[in-house]
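Structure first, commentary second.
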Amino acid sequence: MEKNLKKSNSDSNDDVPPSTHPSCFIGSSVIPIINKLQDIFAPLGDIDDRLTGLRLPQVAVIGSQSSGKSSVLEALVGRDFLPRGSDICTRRPLVLQLEKRSAGIGNDSLEWGEFAHLPEKRFYDFSAIRREILAETEKEVGVNKGVSDKQIRLKICSPNVLNITLVDLPGITKVPVGDQPSDIEARIRNMIMSYIKQETSIILAVSPANADLANSDALQMAKQVDPTGTRTIGVITKLDIMDKGTNARNFLLGKVIPLRLGYIGVVNRSQEDINNNRPIREALTYEEQFFCDYHVYRGLSDRCGIPQLAKKLNQILEQHIRNVLPTLKTDLTSHLVAVEKELRAYGEALESKGERGAMLLNILTKYSEAFSSEVDGKSQAMTTKELSGGARIHHIFQSIFVKSLEEVDPCEDLSDEDIRIAIHNATGPRNALFVPEVPFEVLVRRQIARLLDPSLQCLRFVYDELIKVIKGRACETVEMQRFSELRRRLEDVIARFLRDDVKPAERMITNLIDMEMDYINSSHPNFIGGTKAVDMAQNELKTMQVPPTLTLFHV
């Protein structure tokens with residue numbers, strides 16, 4: 001390997017940028033492994049919450065808006081591929097996996113990009129990569145300046161890069177633009193914090209040299225989560241446009257804000273260079289010449305330039321991965337054991353349609369049996385804390401419903417004056433010798449109608465209890481635990497079945513009340529008719545006329 005490296009050093013290759021010469025090809029063992037794990041975990045993170053606790057090592061790129069983050073990333077790749085503009089450009093986290101390939105004949109054919117949402121489709125035109133990033137961003141957040149925390153994953157394979165995994169995060173902004181919410185700054189900061197607070201993340205804090213570095217937003221946020229600076233790399237951009245008489249030497253030496261991983265100073269392409277499509281290779285040559293000519297930065301060759309940044313990122317990321325690898329392996333092993341245990345609990349896979357049909361019939365049968373057992377009070381999962389199932393329904397009928405009926409006063413809102421007026425209205429312009437039946441029926445119907453609300457309330461209580469039964473643990477059979485989607489769909493079907501039956505039940509109850517209102521059964525033994533009412537009145541009058549002495553005698 002040493003012989004090959006010496007040979008590579010001796011061969012001049014003008015097509016390979018100095019930042020990514022093959023002699024810098026390190027970290028080829030562990031970084032691709034982490035990239036593969038990221039590709040596996042990315043689509044599963046939203047499905048299995050347990051995987052969100054596994055944070056893989058990566059480099060989080062943070063900085064204020066227009067700090068030069070995009071220029072740094074493009075310089076590391078050696079290609080123009082990121083969206084550009086005067087406002088916020090990065091509106092979704094871009095996970096950028098740089099993968100080094102062996103150099104060969106025709107380097108252009110050996111460089112391509114591949115998106116996770118478009119697998120097996122290679123983009124050899126890097127302008128098309130930029131357009132795809134814009135299209136995917138607008139699909140999620142619109143054409144204005146909205147932001148989202150949903151990632152875009154891009155892999156770039158090239159012989160001119162080093163193995164690095166970076167996450168380009170939205171730039172910190174102060175003033176909302178477009179359709180951005182008023183709290184856009186807080187949202188972006190929270191998004192950045194969710195990445196950099198993880199101990200497995202390396203923080204690449206990008207700050208422009210033509211601003212007050214002591215008040216850099218990127219360095220301040222990094223210090224909140226990494227106060228000792230053990231996993232923060234400072235990048236100072238735009239060194240060539242600092243005010244005359246000023247320089248960033250003390251910052252690069254770590255004398256102002258110390259960082260254990262140090263600082264790298266770089267020179268970005270200007271906006272004019274970008275507008276004129278100045279090749280990145282020329283910009284890297286200009287950067288190299290700038291540090292050679294500017295005597296202030298002499299002696300700091302290991303802290304200046306994109307080549308040193310690429311090499312430093314590669315080395316630090318590889319070492320960081322090796323440090324966290326034992327813990328990561330332990331976490332993966334524990335997750336694997338838990339998943340295998342859960343998989344065994346689901347049973348063997350079913351291949352044929354006949355087997356799946358028999359299994360489905362068995363599951364539905366046991367679910368029905370569990371539901372019936374819960375209603376009949378025969379469930380093995382009976383609780384002792386509260387009434388449930390059939391016992392709760394019995395309590396609704398025998399206690400709650402009966403009590404609500406007993407609380408209905410048949411004479412409430414019915415005064416003697418109401419009765420008198422009803423009788424007069426029924427007799428019309430004549431005096432009646434006898435009390436007509438019409439006012440009696442009108443008044444009785446009005447009181448019978450008051451039984452409707454307690455009856456409908458009882459129906460609602462029973463419905464709620466049945467819904468609680470189908471969603472309870474008593475109906476969760478062992479077989480049902482294997483198929484969570486089946487359980488959810490089955491619950492939806494039964495709930496819809498019960499919900500559809502509520503209206504017919506309400507109509508039946510209303511019809512029963514209407515039947516009672518339409519026919520007043522005056523032949524019922526408990527009905528107090530005119531003769532019985534007169535007899536009761538006479539007996540009451542006689543009791544009141546009995547002399548007190550006679551009453552005492554009888555006592």
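If you read the sequence from its start, that first residue is 1, and numbering goes on from there.
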Please give me the minimum heavy-atom distance between Leu73 and Val61, naming the atom from each residue. CD2-CG2, 4.2 Å
Note, Val141 side chain near Lys150 side chain (heavy atom, < 4.5 Å): no
Do Leu204 and Leu309 make a side-chain contact, defined as non-hydrogen atoms from C-beta onward lying under 4.5 Å apart? yes
For residues Pro83 and Ile133, report the shortest heavy-atom separation together with the two atoms involved. CG-CG2, 3.8 Å
Asn35 and Thr165: side chain donor to acceptor below 3.5 Å: yes
Pair up each side-chain donor or acceptor in residues 247-267 with any protein partner under 3.5 Å, not counting sequence neighbours, and list the distances.
unit_1: Asn247; atom_1: OD1; unit_2: Arg249; atom_2: N; d: 3.1
unit_1: Arg249; atom_1: NH1; unit_2: Val296; atom_2: O; d: 2.4
unit_1: Tyr263; atom_1: OH; unit_2: Ile257; atom_2: O; d: 2.4

Indicate whether any N or O donor in one side chain lies under 3.5 Å from an N or O acceptor in the other, for Glu318 and Asn314. no
Does some side-chain heavy atom of Ile280 sit less than 4.5 Å from a side-chain heavy atom of Val77? no
Looking at every non-hydrogen atom in both residues, tell me the closest pair between Pro93 and Leu169 and how far apart they are. CB-CD2, 3.9 Å
Could you tell me whether a side-chain N or O of Asp226 sits under 3.5 Å from a main-chain N or O of Thr230, the two making a donor and an acceptor? yes
Do NZ/NE/NH1/NH2 and the carboxylate oxygens of Arg488 and Glu491 come within less than 4.0 Å? no
Give the C-alpha distance, both sets of side-chain angles, the deciding distance and a yes or no for side chain to side chain contact (heavy atoms under 4.5 Å, CB included) between Leu313 and Leu166. CA-CA 10 Å; Leu313 282 174; Leu166 307 114; 4.1 Å; yes
State, yes or no, whether a side-chain contact exists between Phe81 and Leu96 at a heavy-atom distance under 4.5 Å. yes
Just verifying a value: how many Å separate Ile129 CD1 and Phe126 CZ, rounded to the nearest 0.5 Å? 4.5 Å
For Tyr286 and Asp240: C-alpha separation, side-chain torsions, deciding distance, then whether side chain to side chain contact (heavy atoms under 4.5 Å, CB included) applies. CA-CA 10 Å; Tyr286 168 77; Asp240 57 330; 3.7 Å; yes
For Lys238, the salt bridge (Lys or Arg N to Asp or Glu O under 4.0 Å) test, sequence neighbours excluded, returns none
For residues Ile236 and Leu239, determine if any side-chain heavy atom of one lies less than 4.5 Å from a side-chain heavy atom of the other. yes
Can Gln97 and Leu154 be said to form a side chain to side chain contact (heavy atoms under 4.5 Å, CB included), step by step? CA-CA 6 Å; Gln97 296 178 349; Leu154 170 63; over 6 Å; no
Whether the Asp273 and Ser270 side chains hold a donor-acceptor pair (N or O, under 3.5 Å, no angle test) is what I'd like checked. yes
Tell me, please, which residues at least two apart from Asp464 pass salt bridge (Lys or Arg N to Asp or Glu O under 4.0 Å). none
Residues which pass salt bridge (Lys or Arg N to Asp or Glu O under 4.0 Å) with Lys139, listed by chain and number, not counting sequence neighbours: Glu136
With sequence neighbours left out, the residues meeting salt bridge (Lys or Arg N to Asp or Glu O under 4.0 Å) with Asp80 are Arg269
Distance, nearest 0.5 Å, that separates CD1 of Ile164 from NZ of Lys311: 13.0 Å
Within the distance-only criterion (no hydrogens, no angle test), does the side chain of Asn275 pair as donor or acceptor with the backbone N or O of Gln271 below 3.5 angstrom? yes
Tightest non-hydrogen contact, residues Lys69 and Thr90, listed as NZ-OG1, 4.1 Å
Thr237 (side chain) donor-acceptor with Ser67 (main chain) under 3.5 angstrom: yes
Describe, in one word, how the ring planes of Phe115 and His117 are oriented to each other, choosing from parallel (under 30°), tilted (30 to 60°) and perpendicular (over 60°). tilted
Any heavy-atom pair between the side chains of Val337 and Lys341 that's under 4.5 Å? no
Check for a donor-acceptor pair, side chain of Asn276 on one end and backbone N or O of Glu272 on the other, with a separation under 3.5 Å. yes
NZ (Lys312) with more than 12 external heavy atoms under 6.0 Å: yes
So, taking the atom named CD1 in Ile172 and the one named CD1 in Ile188, what distance separates them when rounded to the nearest 0.5 Å? 8.0 Å
Closest contact, heavy atoms only, Ala222 versus Ile203: CB-CG2, 4.0 Å
Rounding to 0.5 Å, atoms CG (Leu98) and NZ (Lys155) come to a distance of 11.0 Å
Is it the case that the side chain of Glu287 and the backbone of Ile306 share a donor-acceptor pair, with hydrogens and angles ignored and the cut-off at 3.5 Å? yes
With a 3.5 Å distance limit and no angle check, can you tell me whether Ser201 reaches the backbone of Lys197 through a side-chain donor-acceptor pair? no
Check for a donor-acceptor pair, side chain of Tyr297 on one end and backbone N or O of Arg303 on the other, with a separation under 3.5 Å. no
What residue among Glu111, Arg130, Glu74 forms side-chain contact (heavy atoms from CB on, under 4.5 Å) with Arg79? Glu111
May I have the step-by-step check of side chain to side chain contact (heavy atoms under 4.5 Å, CB included) for Leu56 and Thr200, ending in yes or no? CA-CA 6 Å; Leu56 300 177; Thr200 55; over 6 Å; no
Nearest 0.5 Å, please: how far is CG in Leu82 from CG in Asp168? 6.5 Å
Who passes side-chain contact (heavy atoms from CB on, under 4.5 Å) against Glu199, sequence neighbours left out? Arg231
Looking at side-chain heavy atoms only, is the closest gap between Leu37 and Ile34 below 4.5 Å? yes
Does Arg489 have more than 12 heavy atoms from other residues, nucleotides or ligands lying within 6.0 Å of its CZ? no
Does any non-hydrogen side-chain atom of Glu114 lie less than 4.5 Å from one of Cys157? no
Check for a donor-acceptor pair, side chain of Ser334 on one end and backbone N or O of Asp331 on the other, with a separation under 3.5 Å. yes
When rounded to the nearest 0.5 angstrom, what is the spacing between OG1 in Thr228 and NZ in Lys223? 10.5 Å
Identify the heavy atoms of Ser207 and Leu213 that sit nearest to each other, and give their distance. CB-CD2, 3.8 Å
